[in-house]
Amino acid sequence: IGVPVIHAAHGELELLVRDGETGEPLSARIQLTNAKGRRIVPKGMLALPDRSFYTYGSVVLELPHDTYQFVIDRGMEYRPRHGQFVISGGDSDHHEVDLTRFVDMADQDWWAADLQIHTAPRLIPLQMDAEELSMVAAFAKRIGREGGIFTREGISGSAPLEALPIFERTVFDARAPGPLLLIDTETEDSQAGETELSESKLAAAAPPPLPVGWLAIDQRRENRYVLASSALCPMLPVWLASRGLDGICVIAPEPKSRRGWTGGPDEDFLENVEAAQQWGKSNEWVYHRMLECGLRVPPLAVSGGGWSRSPPGSSRSYAFIRASPTSDEWWRSMQRGRLMITNGPLIIIQVNGKPPGYQFSAAEGEGVELTIDLTLHTKQTVEYLEIIKNGSVLHSVRLDAWAKANGRLPEVEFEESGWMLVRAVTNARDTYQYAMTAPYFVRIGDEPRISRQAVQVFQCWLAALPQDAEH
């Protein structure tokens, strides 16, 4: 199929983005590149850090004469459209671009959230719709300049906010960005489900700085969730010991500086990992070691969109919700570990008919056999599926072999307590791009699985912390 070439005139091109099946207008994220390979943001558009911008339905692009390449994308469940157009002298032109959905995760009871974005409140509804996010935790930060199609009342000339397919436009006030993310789901300054969040509400005074080590008592309260912003946070062992964490961001943006950060895998592990993938794989490695210590903290994925160069929703957590989807149900599912996290591929999974987070039990001397029912959807190239058991790869299955087996994965047997999860890894080299289910647990008899080697990892980590770290 050839790349469409659109000849536009008079410096203007009107693009209408639609759903390829229903014909309804869609919000989307657009990247424009000129003939010199530079990202271009048309007049009146608000730029994200990666120089992309959001639109709803029809948009008029005012651009200098040039040849442009475009990528139009929407969340993780639509195929992107690539093409080019030429701006030259003459009259204006109009072109319609249809986007095709290849999976509807919500239709299969999986609902997406990004629990760390940094954006102006008035842009949140458009971004949530364009990225198909049911829920976000928003930090106050302006992106770009004031601009054309956005108003404080919503999206000018677009569908009303009430039509957006999200949990009553659920936005939570997230504060104290840094090693810890504090998300208040009910405060005086922020209420779940309100239509608008003012700049002043999101910029409200943050709570006092946390002590270096243990979570302060006044940070733990009802309707507040405390997340480690990554599995490599220096104080993670102390936070785990305090039993104060509600989640760990295993897929997370890399901080601009990691000065003073300790812990994580040793040099023997890192020397076999490409530099661009070390941050992602190190986070995953630490999370697996935590599970090996017998600790159960749900994994999460956050984009840091607006602070990082990644757009909102580029890393996200899907929660499995059988009941009527609400924000309260999302948090309950998160606490139960009914999660799949990703920065690319999408996994839908049941093991013996159960979602992630489930514990299978058996009496001492009996075994447990697990059958995996998995569907993979992706717009990236995935090379293999892996079954991780007790921190090690049990099975690595190439996709062609998986297809020949009619989508069946090997069964997993346990003779003693342990855990397992499944991940799908793409062939990306500039980042560690993958999807990972939250773990399933197996308890045989009364003894949990606790690995001495994993415990030693965190003991060494603690020993390397400053002397006053625990006070």
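Between the side chain of D19 and the main chain of T100, no donor-acceptor pair closer than 3.5 Å is present. E12 places no side-chain N or O within 3.5 Å of a backbone atom of E62 that could act as its donor or acceptor partner. Using a distance-only test at 3.5 Å, with no hydrogens or angles considered, no donor-acceptor pair links the side chain of S396 to the main chain of E386. Under a 3.5 Å cut-off, the side chain of R316 and the backbone N or O of G313 do form a donor-acceptor pair. In this structure a side-chain-to-backbone donor-acceptor pair under 3.5 Å is present from D246 to V226. Not one N or O on the side chain of S282 forms a donor-acceptor pair closer than 3.5 Å with the backbone of W279. Judged purely by atom type and a 3.5 angstrom limit, D328 has no side-chain atom pairing as donor or acceptor with the backbone of W331. Proximity of a side-chain donor or acceptor of N283 to a complementary backbone N or O of A231 within less than 3.5 Å is detected. A distance-only check finds no donor-acceptor pair linking the side chain of S310 to the backbone of P253 [under 3.5 Å]. Between the W330 side chain and the W111 main chain, a donor and an acceptor come within less than 3.5 Å of each other.
A salt bridge is absent between E329 and R338: the closest approach of a Lys/Arg side-chain nitrogen to an acidic carboxylate oxygen does not fall below 4.0 angstrom. Checked for salt-bridge contact, D50 and R309 miss the test: no charged N lies under 4.0 Å from a carboxylate O. Salt-bridge annotation for R74 and E132: present, with a side-chain N of the basic residue lying under 4.0 Å from a carboxylate O of the acidic one.
Judged purely by distance below 3.5 Å, without hydrogens or angles, the side chains of E14 and S58 pair a donor atom with an acceptor atom. If you check the side chains of T426 and Q433, you find a donor sitting under 3.5 Å from an acceptor. Residues Y54 and D129 have side chains that never bring a donor and an acceptor to within less than 3.5 angstrom of each other. In this model, a donor atom of one side chain and an acceptor atom of the other lie less than 3.5 Å apart for Y432 and E284. Between Q84 and H82, the side chains place no donor N or O within less than 3.5 Å of an acceptor N or O (distance only, hydrogens not considered).
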Derivation of the salt bridge (Lys or Arg N to Asp or Glu O under 4.0 Å) call for R18 and E96: CA-CA 7 Å; R18 307 181 307 185; E96 297 171 353; 3.1 Å; yes

Between L346 and M76, does the side chain to side chain contact (heavy atoms under 4.5 Å, CB included) criterion hold? Intermediate values first, please. CA-CA 8 Å; L346 300 172; M76 286 189 171; 4.1 Å; yes

One pair to check against salt bridge (Lys or Arg N to Asp or Glu O under 4.0 Å): E21 and R101. What are the steps and the verdict? CA-CA 8 Å; E21 182 176 350; R101 178 185 287 279; over 6 Å; no

Given the rule in the side chain to side chain contact (heavy atoms under 4.5 Å, CB included) test, do L300 and M334 qualify, once you have shown the distances and angles that lead to the verdict? CA-CA 9 Å; L300 296 164; M334 183 207 77; 3.9 Å; yes

Mind running side chain to side chain contact (heavy atoms under 4.5 Å, CB included) on N272 and E274 for me, showing each step along the way? CA-CA 7 Å; N272 296 316; E274 296 180 33; over 6 Å; no

Might you work through the side chain to side chain contact (heavy atoms under 4.5 Å, CB included) test for L240 and L245, ending with a clear yes or no? CA-CA 7 Å; L240 290 172; L245 289 178; 4.1 Å; yes

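Closest heavy-atom contact between P234 and L465: O-CD2, 3.5 Å. Of all non-hydrogen atoms in A438 and L421, the two that sit nearest each other are O-CB, 4.0 Å. Taking each heavy atom of G264 and L232 in turn, the nearest pair found is CA-CD2, 3.8 Å. Annotation for I341 and S317: closest pair CG2-OG, 3.9 Å, computed over non-hydrogen atoms. When all heavy atoms of A28 and A130 are compared, the closest pair comes out as N-CB, 3.8 Å. Scanning both residues, M135 and S327, for their nearest heavy atoms gives SD-CB, 3.8 Å.
Distance check, rounded to the nearest 0.5 Å: OG of S308 to NE2 of H118 gives 7.5 Å. Taking CG from D430 and CD from Q277, the interatomic distance works out to 8.5 Å, rounded to the nearest 0.5 Å. Between the CD1 atom in I251 and the CG atom in N343 there is a gap of 4.5 Å [rounded to 0.5 Å]. Here the OG1 atom belonging to T437 is positioned 9.5 Å from the CD1 atom belonging to I388, to the nearest 0.5 angstrom. With rounding to the nearest 0.5 angstrom, the CH2 atom of W285 is 13.5 Å from the CD atom of Q278. Summarising the geometry, atom CE belonging to M45 is positioned 10.5 Å from atom CG belonging to L32; distances are rounded to the nearest 0.5 Å.
The environment of CZ in R38 is sparse: at most 12 heavy-atom neighbours from other residues, nucleotides or ligands sit within 6.0 Å. Within 6.0 Å of the CD atom in E271, the count of heavy atoms belonging to other residues, nucleotides or ligands exceeds 12.
Counting heavy atoms from C-beta outward, P439 and M420 have side chains that stay 4.5 Å or more apart. Within the 4.5 Å cutoff, side-chain heavy atoms of M105 are placed close to those of E77. The shortest side-chain heavy-atom distance between F458 and V286 falls under the 4.5 Å cut-off. Looking at heavy atoms from C-beta onward, V103 lies in side-chain contact with Q108 at the 4.5 angstrom threshold. Side-chain atoms of P299 and I248, non-hydrogen and from C-beta on, never get closer than 4.5 Å to each other. Within the 4.5 Å cutoff, no side-chain heavy atoms of I348 are placed close to those of F320. L13 places none of its side-chain heavy atoms less than 4.5 Å from the side chain of V60. No side-chain heavy atom of L339 sits under 4.5 Å from any side-chain heavy atom of P356.
When each of K379, R81, Q31, R79 is paired with D73, the side-chain hydrogen bond (donor to acceptor under 3.5 Å, both in side chains) condition holds for K379 and for no other.
Using bins of under 30°, 30° to 60° and over 60° for the plane-to-plane angle, the ring pair Y68/F85 lands in the parallel bin.
In this structure, W419 has its ring center no closer than 6.0 Å to that of F441. Ring pair Y358/Y440: centre-to-centre distance not below 6.0 Å.
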